[in-house]
Amino acid sequence: SGTSLSVSTLTPAATGELIVATGATINTVTFTAGANYTNYNGTDPCRLRSQYRLSSAATETAPWTIGTSSWGEIARAYKPL
């Protein structure tokens, strides 16, 4: 619980992979996307939200800032074909 969500670390295999993170909270909150991420699927305040960005070569944590709530988050990388 708290006011920020993130995954431990996710290391993309290459620059330009699509990073997608989905967060869920117990309370209805406003999700503020992390730096260089764009929120989608939902209107704040809500309990479920996703964000995305194209990766750099660095590790990712897919951070968000939220209102106080218990939360869970998953993040994944998709390699371009």
Side-chain angles (χ1 to χ4, degrees):
S1 96
T3 58
S4 61
L5 283 73
S6 66
V7 296
S8 294
T9 55
L10 172 69
T11 305
T15 298
E17 291 184 6
L18 178 63
I19 307 295
V20 178
T22 301
T25 60
I26 291 176
N27 302 323
T28 302
V29 298
T30 296
F31 286 79
T32 302
N36 300 314
Y37 280 85
T38 300
N39 277 336
Y40 72 99
N41 94 328
T43 304
D44 287 324
C46 60
R47 289 188 178 135
L48 180 67
R49 196 76 194 253
S50 295
Q51 66 178 353
Y52 66 91
R53 71 169 272 177
L54 291 179
S55 71
S56 63
T59 58
E60 301 277 342
T61 60
W64 261 303
T65 303
I66 61 168
T68 302
S69 183
S70 294
W71 57 269
E73 180 181 11
I74 59 172
R76 55 222 169 265
Y78 296 94
K79 194 184 289 190
L81 296 176

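Position 1 is the first residue of the sequence; numbering continues from there. Computed from a prediction, not measured in an experiment: that's the story for all the values here. Side-chain atoms are counted along with the backbone in the values below, which use heavy atoms only and exclude waters and symmetry mates.
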Can you check whether [Y]'s main-chain N or O pairs, donor with acceptor, with [X]'s side chain at less than 3.5 Å?
X	Y	value
Gln51	Ala62	yes
Arg47	Thr25	no
Ser55	Ala14	yes

Decide yes or no for Ile66 and Thr30: does some side-chain heavy atom of the first lie under 4.5 Å from some side-chain heavy atom of the second?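 Not touching, per the 4.5 Å side-chain cut-off.
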
Ser4 versus Trp71: any side-chain heavy-atom pair under 4.5 Å?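 A side-chain contact is absent here, since even the closest heavy-atom pair is not under 4.5 Å.
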
Only counting residues at least two apart or in another chain, list the ones meeting side-chain contact (heavy atoms from CB on, under 4.5 Å) with [X].
X	value
Thr22	Leu48, Ser50, Ile74, Arg76
Asn27	Val29, Ser69
Thr32	Thr65

Quick one: list whatever passes side chain to side chain donor-acceptor pair (under 3.5 Å) with Asp44, sequence neighbours left out.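 Arg49.
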
Go through the structure and list residues passing ring pair (Phe, Tyr, Trp, His ring centres under 6.0 Å) with Tyr40, not counting sequence neighbours.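 Tyr40 satisfies ring pair (Phe, Tyr, Trp, His ring centres under 6.0 Å) with Tyr52 once adjacent residues are dropped.
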
State which residues pass salt bridge (Lys or Arg N to Asp or Glu O under 4.0 Å) with Glu17; sequence neighbours excluded, sorted by chain then number.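 If we apply the salt bridge (Lys or Arg N to Asp or Glu O under 4.0 Å) test to Glu17, skipping adjacent residues, there are no hits.
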
Minimum heavy-atom separation for [X] to [Y], with atom names?
X	Y	answer
Ile19	Ala77	CD1-CB, 3.6 Å
Tyr37	Pro63	CE1-CD, 4.1 Å
Glu73	Ala21	OE2-CB, 3.3 Å

Please determine whether side-chain contact (heavy atoms from CB on, under 4.5 Å) holds for the pair Thr61 and Thr9, giving the CA-CA distance in whole Å, both sets of side-chain angles, and the decisive distance to 0.1 Å. CA-CA 5 Å; Thr61 60; Thr9 55; 4.3 Å; yes

From CG (Leu18) to CG (Leu54), nearest 0.5 Å: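 The distance works out to 6.0 Å.
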
